[in-house]
J.: 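Take this structure, written in structure tokens, and hold onto it; I'll ask about it next.
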Amino acid sequence: MLTALYIMLGLALVLGIMLGISALLFKVEGDPLVARIDAILPQTQCGQCGYPGCKPYATAIAKGEADINHCPPGGDAGARELADLMGVEYKPLNAEHGLPKPKAVAFIDENTCIGCTLCIQACPVDAILGAAKHMHTIIASECTGCELCLAPCPVDCITMEPVAETPDNWKWKYPVIPIKAMPADKSRLIMNSIIQFASKLLLGQTADLLIHKFHGGVHRRGHKQLSTTLPIAKLAIPQACSALRQHVGYIPKVKSTSR
Amino acid sequence: MTFDLHHYIMILIGTVLVNNIVLVKILGLCPFMGVSKKLEASIGMAGATAFVLSIGSMTSWGINHYLLEPNGLVYLRTLSFIVIIAGVVQFTEMVMEKNFPPLHQALGIFLPLITTNCAVLGIPLLNAQSSHSFLESLFFGMGGAVGFSMVLILFASMRERLEAADVPAVFKGSAIAMVTASLMSLAFMGFAGLDKY
Amino acid sequence: MLAEAEGTVSAAIHAPTSGTVTAISEAIIPHPSGLPDMCITLTPDGKDEWTTLRPTDWRNTDKKELVASLRSSGIVGLGGATFPTHIKVRADGKSQVHTLILNAAECEPYITCDDMLMRERADEIVKGMEIVKFLLGAENCIVGIEDNKPEATAAMTEACKALPETSVKVVPTLYPSGDARRLIHLVSGVEIPHDKRSTDVGIQVFNVATVLAIYRYFALGEPSIDRIVTITGSVNSPQNFKVLFGTPLQTLIDAAGGVQSGTTHFIMGGPMMGFDLPTIDVPITKAANCIIAATPNLFAPPPPAMPCIRCARCADACPVNLQPQELYWFSKSDNFEKARDYNLFDCIECGCCTYVCPSNIPLVQYYRYAKSEIIAADKAKEAADLARERNEFRLARIEREKLERAQKHAERAASNKAESAKTESTKVAPTKAEDVKAVPATTESEQPASSTNTDDVKKAAIAAAIERAKALKAAAAQAGESQKKSDAITADAPDASGKPAQTEDEQAKAEQAKKDKQALIAAAIERAKAQKLAAAQAGIAPKNVEDASPAVKAEISEIDAIREKAKQAVKAQDSDSEA
Amino acid sequence: MNRSPYITDAPAVSIIMLKVLLALVPGIFAYVWIYGGGILVTIVLATFTALVSEAALLKLRQRPIRPYLSDLSAVVTALLLALALPPLAPWWLVVVGTLFAIVIAKQLYGGLGYNPFNPAMVGYAVLLISFPIVMTKWPAPLILAQTPLGFMDQLHFIFSNTLPTDVKIDAVTSATPLDYLKTQLMLNHEVSSITQAPIFGVWGAKGGEFVTVAYLLGGLYLIQQRIISWHLPTAFLATLAAMSLVFYTVNPAHFANPLFHLMSGASILCAFFIITDPISGPTTPRGKLYFAAGVAVLTYLIRVYGGYPDGVAFAVLIMNMCVPLIDMHTQPRVFGHTKN
């Protein structure tokens, strides 16, 4: 019976010493986690999460005091990413902290602004230009839409303007494809593709991919002869013509993310 | 005892393929289900478990052979094995936190959970019961570790692909993972009888 | 010159014909979004006089000047990308361009503008090539033409004899051989690394029409005011036209003999990469190489998309050798990090994958959605980083100011103490004590006193200002109502006073045109909003919801319920704060 | 509103599946000619169960039934499963196998396109493990069997499991050549002596080799029609042949010759029809080579060392597990990228 006790004590002692030594060897300082959480937050510094800014909220999450779904500007994606990072189950945004709103920018109605600089002090990102007794205005590109300047303004001259959709920031929509039941004429399409397949089988003609120099590419009928019969004609002068600035589209900053 | 390579290879195949720790012996399911949501986390977990497993099976063989059996304290086996494994896991956690903080963060609670992983305790116990020699228990431990890691990584890559599958709402998440795991163990049944030569 | 090129990547706009600028306003532009943008509307006076044209003798003028004048010529790549030519031509010291490739492949079906151009103006094109070769300092030129344009090949080989080291290479007819990198690979076998431009490898690609425009600019001094547009599809006589920029589409259609019956909408560009035009009255822009009148039997609506069976036919068809089925898998489940890892941004949206997909999945739409989401996310990320910097800078500044104020405060207190120590011997010690006590007190009180009275003054000023502002706001509100009631009248008043000589019906017509335009713009914005709502709805409900199953409907209604509850909560909060 | 490629020229999924069915027809014809009409009953039964179960599940998920059913993918799965089962398999075996394949292996993952495992092989593996005896009862080819059963007797046997009065069970059934080879090898007979037995034909099973040749024809047609890529069959057959050649040269007495391995069992059916299932297989060309080689190696191991006569089903399932990993690491070089 005693030997059992000795063995267990000996074992515990040996392991304890080993762990003690390794605890010294592998001292870990600082906690990079806060920085990584802060990177996910949208930095609107709006305080809707109950903390005076995004960094305090990040430290609160890191310490485990705050939950991951208190940030409406971060929206659903933000909550999901935080859940992934912290390894906890994703919880939908809880509504007491407000609802995700479309991006809006503050706008000062200049004929009612009295130049009292209260909003300048309130703005977390110094996006308001102006001085005491001088006209104030908001730098739209810098404003994060945190709405902190609305309250202090004595004359309520600041309104939130949603960012309009222009051809530059227009986004392609998710292709919502209705998989409805096959429309009647659709079955005709299947029918004649079966006939087409049968004819191809009999004629032995295979309209498939030919070997060619670069990989891929598709072989298709040109329909060129439609418009090459007549020569180029000059069009008469129209009654009105509107020339416009040219859209070159988005030139992606080339990120070489070599996998 | 002549070093009979054939015999050891049979043990290795036996533990990796024929009676795989996770899919055939159904041991160590909790990290298998928990960590496999993300591939990086699963690779990290597989590495950590393999490390703990191999060291654990070696040390536990040592203790069992030199301390427990001569003094007839066979009943102490489980207790001592658990203490060793807990020590090794704590050690790995410290190493992990120092050198791979993101991985440590990704694994989160599952790293200390290795101690409670039934595969990690199961293999030394199996070694002790079938009184393997040192080499045999080493190969058995290694086989178990490799088997566990391989299956965990395969399962994780499959689950990442299932993320976007149009699974009926009621089966989304771990339900479909369970079904996939059962089909995997069905596939591993094919290896039955592979190591009887 | 109507508008100058501001910023690096932009080009000038010239008045296509003589006339007066009647409006600079929002108008619908030919863009997939169908949204309005700032346009200059010019009403031609029909005389079409030219200003003095100044051809330049490009052989012995310095290249820098030529590039500068090219910048104001408004010439852009007419192949479809409309990238300003002066940037492509400016041989920045870094890389030496040794080969100029003329892109005459025109691989899109239906489009024949380059083809006809080469047949009729091959010699001018070659002269243009000579100028560009001179500008770039390139040694040899290669003209890449698809083998389904024999007449054009003949005309070009004939004309190219005039220019040394120029060769015409016939490439197999295969879509998308017209893509710059594909054509370079076809013609010269060089594969451009994905993160480099073709000039880094010493090759520059120009479209046939662009080269012609350069020739006309330098030789005849004519800025780029028109281009060749193919009008084809279900029109009575499909043809190529030399069209002034900004010409409304309707004029072009009438010139092509009007549309046949059954034309549902118009497509700008080719059937593989073009897009639907939102309405008929859109202008012809520099990017419009072809307008197709589409009918259901020409372009049948695609059968409903079936789930992807991972047959990898799209991977075989992709000219960039990407894995469209993986990219589809990630774009569908919004996994944009992985989509970026699988090189989503190398996709040239040529449409080959959708072309060969047996399940009729609109793959290119998924990639466009994913790309714009990633671009939006990157922009938001940049804005967020900027906001973080500004916030940290502000907090640091406040910290610094507090420190300085505390320091100043401490110094002032220390200097006061030194003063009172000097007057220690005088008899009014007790008062001094009071002074000392008073001094700090007064300093505080003084400061507060002074600050209090300044406060009162400031408060009064603010109160007065608030009254003034409220009065102003009320006045503005009344003006608003009256303004709405008398909209019609005031609208006439300025017109009438402005141009009394205008007759009644002319005024009504202008009125009518203005109303139509506004209605059009409002409709476009409405449509964009509805589209955004539909996408947002799709966004909320699980993505591939068809006629949503009860479970999914429950989920949507549940989210709406939360949204309702939140609205009440917010409203309740407001009512509390007011009460 | 704007869907850029307005023109598409792609055979509908149903055409692809139709071509696969067409490629199976010569095999079925040879099958019926060698083993009698029993297999037709199994095929009809399997197809019917597959369609009914798929329709029921689609109804359950409120999905439009016609577009999904008309893509014939369920029919292909049912056919492959039916051809893998012994021809005289009792009816309930076929129904259970098809139900498991369609409901669990395919629809549970979201229907066409999402199933990680090959449904036919899942069904076959389930049956093989749960009903081993019934699964290994293969009828002898008609010319060999003592009392060849007419079509009606086969029909009768399938549905009521009763034989015509005077016939005993083992007169009708015999082990497959692979099975016979394995049992004899256990008693370490020489391979050369074993293959003299009547059931061994010129290459593979007595009558079975004609069925295999018919499958080969069907498979070549599929490659010519570009329905399947050549990578999978060639890699599979090459690896299988290479492995059996190596083992054969090492010890001809103990291991059968490569031709036998290729032509017997379900090798050819697997090479052209089972591993070429696009949904559960890899998508990158290099990935296909590794996948097919892996299946061949595992099949050979299970055939020679494993407990089951023909390990194709298990080999395919195990390699299906590795497909996501294979796809991830065999991404081809993208235009303009250096080797990643």
Side-chain angles (χ1 to χ4, degrees), chain B residues 6 9-10 13-14 16-20 22-24 32 36 38-40 42-43 46 147 149-173 175-197, chain D residues 57-58 60-63 100-101 103-105 107-119 121-130 132 182 186 254 279-280 298-299 301-308 310-329:
Chain B
H6 182 74
I9 291 178
M10 277 307 132
I13 292 179
V16 173
L17 295 177
V18 179
N19 27 45
N20 182 294
V22 181
L23 293 178
V24 178
F32 184 71
S36 53
K38 287 203 293 299
L39 189 54
E40 304 81 26
S42 332
I43 294 173
S149 323
M150 179 183 76
V151 172
L152 179 62
I153 291 171
L154 288 181
F155 187 56
S157 54
M158 281 183 78
R159 272 191 79 172
E160 265 196 10
R161 171 162 293 189
L162 285 183
E163 277 304 305
D166 172 20
V167 177
V170 79
F171 271 94
K172 270 212 179 347
I176 201 68
M178 281 292 183
V179 171
T180 321
S182 57
L183 289 180
M184 282 167 80
S185 62
L186 182 84
F188 262 71
M189 295 276 219
F191 286 122
L194 202 62
D195 63 349
K196 60 180 180 303
Y197 279 88
Chain D
L57 270 157
L58 286 170
L60 211 60
R61 293 191 65 188
Q62 257 103 30
R63 293 286 164 80
F100 198 88
V103 172
I104 307 287
Q107 285 299 336
L108 204 59
Y109 284 96
L112 180 67
Y114 301 111
N115 48 337
F117 293 99
N118 186 325
M121 285 306 113
V122 168
Y124 183 80
V126 163
L127 295 180
L128 195 57
I129 292 173
S130 21
K182 188 184 283 289
M186 295 291 272
H254 198 62
I279 299 160
S280 56
L298 289 174
T299 315
L301 281 181
I302 297 176
R303 267 189 191 170
V304 169
Y305 292 105
Y308 292 97
D310 191 351
V312 166
F314 296 110
V316 169
L317 289 180
I318 290 162
M319 285 314 284
N320 278 153
M321 278 159 45
C322 317
V323 159
L325 218 56
I326 294 175
D327 263 353
M328 220 179 280
H329 293 288

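Computed over heavy atoms, backbone and side chain alike; hydrogens, waters and symmetry mates excluded. Chain A is the first sequence line, chain B the second, and so forth, proteins listed ahead of strands; every chain is numbered from 1.
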J.: Taking side chain as everything from C-beta outward and backbone as N, CA, C, O, which of these in D:Phe117 sits under 4.5 Å from a heavy atom of chain B? Side chain, backbone, both or neither.
T.: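 Just its side chain gets close to chain B.
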
J.: Quick one: are D:Phe100 and D:Leu127 in side-chain contact, heavy atoms under 4.5 Å?
T.: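 A side-chain contact is absent here, since even the closest heavy-atom pair is not under 4.5 Å.
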
J.: Would you mind telling me which of D:Val126, D:Leu317, D:Ile318 has the largest number of heavy-atom pairs within less than 4.5 Å of chain B?
T.: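 Most heavy-atom pairs under 4.5 Å with chain B: D:Ile318.
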
J.: So what's closer than 4.5 Å to chain B heavy atoms on D:Asn115: side chain, backbone, both or neither?
T.: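 Answer is neither: D:Asn115 stays 4.5 Å or more from chain B.
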
J.: Measure distances from D:Tyr124 to the heavy atoms of chain B and classify the residue's part below 4.5 Å as side chain, backbone, both or neither.
T.: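 The answer is neither part of D:Tyr124.
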
J.: Counting heavy-atom pairs under 4.5 Å with chain D, which one of B:Val151, B:Leu154, B:Ile153, B:Leu39 comes out on top?
T.: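 The option with the most such pairs is B:Leu154.
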
J.: Apply the test side-chain contact (heavy atoms from CB on, under 4.5 Å) to residues D:Tyr305 and B:Ile13: give CA-CA distance (whole Å), side-chain angles for both, the deciding distance (0.1 Å), then the verdict.
T.: CA-CA 12 Å; D:Tyr305 292 105; B:Ile13 292 179; over 6 Å; no

J.: Would you mind reporting whether D:Phe314 and D:Leu298 have side-chain heavy atoms less than 4.5 Å apart?
T.: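 A side-chain contact is absent here, since even the closest heavy-atom pair is not under 4.5 Å.
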
J.: Evaluate the side-chain proximity of B:Met189 to D:Leu128: yes if any heavy-atom separation is below 4.5 Å, no if none is.
T.: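 They are not in contact (no side-chain heavy atoms under 4.5 Å apart), so the answer is no.
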
J.: Got D:Tyr308 and D:Ile129 here, is their nearest side-chain heavy-atom distance under 4.5 Å?
T.: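 Yes, side chains in contact.
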
